[in-house]
Amino acid sequence: MPSAVVRRAFVASLPVLMGYLSMGMAWAVLFTTRVPGATVCDAALVSAATISGSMQFSAVEIIRDAAFYSPCWVAFLALMINIRYAAYALPFIGEFRTWPAALRSYLLFGLTDETYAILLQCPFTEEKSRRRYFLAVTAFDQTYWVVGSTLGALLGRTIRFNTTGIDFSMTALFLVILVEQCRDRSNRIPAFIGGAVTALVGAICLVWFPAHADKMLFPAMACIAGLLLALRKKTEVRGS
């Protein structure tokens with residue numbers, strides 16, 4: 001792989017390095033301190049096989065209390081949390097069709113939020129260079145997450161401290177992204193709809209269906225999707 005392509009990919013992935021190391025460490029500390037019997041190898045394997053920070057944070061509770069979660073509910077939860085990745089692949093469909101199946105499968109597997117943002121800004125136009133750049137960026141980002149998770153697991157296994165609040169780190173990350181996105185006027189109404197509907201559905205579940213309040217994700221997502229589709233034309237016009 002030409003050094004120029006790898007160098008450009010590495011430089012482009014440096015912001016991800018900072019985020020993935022810290023977030024990966026935060027997740028692994030939670031994983032090794034809250035899941036009985038979890039090891040450093042377990043943390044590294046989960047990160048290597050998942051590459052979905054939000055799902056991994058959710059998985060800590062799921063694995064710890066596995067008896068309370070059915071396989072169907074876990075599968076549905078994973079789908080809802082990661083459904084956005086399906087949209088990320090859309091800009092690359094035409095290009096990926098002509099690429100080797102193994103490369104295409106790996107790139108789709110490693111297409112996270114941050115990797116997607118970098119790949120959209122690929123500086124190369126020649127096909128071979130683009131393939132190598134895509135592969136290098138995806139591999140770098142995955143490595144950062146696995147390394148961060150491994151370091152966090154080592155920390156969690158050797159140093160005992162109060163981990164209260166660490167699980168909010170992923171929520172804080174998405175809040176920061178939301179604030180940045182809301183600087184664009186067209187994103188404010190969808191953001192408001194998402195927050196308002198989630199709060200309303202959560203309140204209804206807590207008051208009338210307290211035994212099933214932890215399963216509010218599906219009705220909230222369904223209501224949000226329905227409202228956004230119904231108001232799509234209005235929000236597009238307002239945003240423009």
Side-chain angles (χ1 to χ4, degrees), residues 20 23-24 26-28 30-32 34-38 42-43 45-93 104-116 141-142 145-146 149 166-175 177-178 181 187 190-232:
Y20 276 15
M23 295 300 298
W27 170 79
L30 286 178
F31 181 71
T32 52
R34 298 190 181 183
V35 176
D42 293 334
L45 288 174
V46 169
S47 287
T50 307
I51 322 183
S52 173
S54 49
M55 187 61 213
Q56 286 184 220
F57 273 88
S58 300
V60 172
E61 180 182 349
I62 293 172
I63 297 173
R64 185 186 60 187
D65 303 323
F68 298 98
Y69 293 91
S70 68
C72 291
W73 176 247
V74 173
F76 173 75
L77 183 64
L79 176 63
M80 289 294 99
I81 290 176
N82 298 318
I83 192 66
R84 67 189 187 279
Y85 295 140
Y88 291 169
L90 295 179
F92 307 119
I93 286 180
R104 180 171 64 245
S105 299
Y106 176 66
L107 293 178
L108 291 173
F109 167 72
L111 193 59
T112 63
D113 305 83
E114 295 77 12
T115 301
Y116 167 75
D141 289 353
Q142 182 183 13
W145 184 260
V146 174
S149 298
I166 292 182
D167 50 347
F168 186 72
S169 56
M170 180 59 69
T171 304
L173 173 63
F174 280 106
L175 286 175
I177 295 173
L178 174 63
Q181 290 296 313
N187 293 326
F192 174 78
I193 290 174
V197 170
T198 301
L200 179 60
V201 172
I204 292 173
C205 289
L206 285 173
V207 173
W208 282 290
F209 309 101
H212 304 285
D214 59 334
K215 296 180 174 60
M216 57 161 288
L217 180 63
F218 176 73
M221 292 288 290
C223 292
I224 292 171
L227 278 174
L228 290 178
L229 288 173
L231 301 175
R232 184 180 60 178

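These values consider heavy atoms only, across backbone and side chains, with no hydrogens, waters or symmetry-generated copies.
- No donor-acceptor contact under 3.5 angstrom links the side chains of Glu114 and Trp145, judged on distance only.
- Counting only heavy atoms from C-beta outward, the side chains of Ile63 and Phe31 approach each other to under 4.5 Å.
- Taking both residues in full, the closest heavy atoms of Arg64 and Arg34 are given as CD-O, 3.2 Å, listed atom of the first, atom of the second, then distance.
- In this structure, CD1 in Ile93 is found 11.0 Å from CZ in Arg104, a value given to the nearest 0.5 Å.
- Thr50 and Val46 make their closest contact through OG1-O, 2.7 Å (heavy atoms, listed as atom of the first residue, atom of the second, distance).
- Annotation: side chain of Leu108 is not in contact with side chain of Tyr85 (no heavy-atom distance under 4.5 Å).
- Annotation: side-chain contact (heavy atoms from CB on, under 4.5 Å) contacts of Phe192 (sequence neighbours excluded): Ala196.
- Shown here are the side-chain contact (heavy atoms from CB on, under 4.5 Å) partners of Phe109, two or more places apart in sequence or in another chain: Ile51, Tyr106, Gln142.
- In this structure, the side chains of Asn82 and Ser54 come closer than 4.5 Å at one or more pairs of heavy atoms.
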query = Are Glu61 and Leu30 close enough, and set up right, to give a side chain to side chain contact (heavy atoms under 4.5 Å, CB included), and what steps lead you there?
reply = CA-CA 10 Å; Glu61 180 182 349; Leu30 286 178; over 6 Å; no
With a 3.5 Å cut-off and sequence neighbours excluded, list the donor-acceptor pairs that the side chains of residues 200-209 form with protein atoms.
none

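- With Trp27 contributing its side chain and Gln56 its backbone, the two residues share a donor-acceptor pair below 3.5 Å.
- Between Phe92 and Tyr116, the two ring planes are perpendicular [angle over 60°; tilted spans 30° to 60°].
- Checked against side-chain contact (heavy atoms from CB on, under 4.5 Å), Ala191 has the following partners two or more places apart in sequence or in another chain: Leu178, Cys182.
- Tyr88 has its side chain within reach of Arg84: a pair of non-hydrogen atoms, C-beta onward, lies under 4.5 Å apart.
- Nearest heavy-atom pair, Ala28 versus Ala43, reported as atom, atom and distance to 0.1 Å: CB-CB, 4.5 Å.
- Under the side-chain contact (heavy atoms from CB on, under 4.5 Å) criterion, Leu107 pairs with Phe96, Trp99, Leu103, Phe134, Thr138, not counting sequence neighbours.
- Applying the side chain to side chain donor-acceptor pair (under 3.5 Å) rule to Thr115 yields the partners Thr112, Asp141; only residues at least two apart in sequence or on another chain are considered.
- When all heavy atoms are compared, the tightest approach of Ile62 to Val74 is CG2-CG2, 3.8 Å.
- Note that the CG atom of Leu45 and the CG atom of Asp42 stand 6.5 Å from one another [nearest 0.5 Å].
- Annotation for Val197 and Ala220: closest pair CG1-O, 3.9 Å, computed over non-hydrogen atoms.
- To the nearest 0.5 angstrom, Ile81 atom CD1 is 7.0 Å from Ser52 atom OG.
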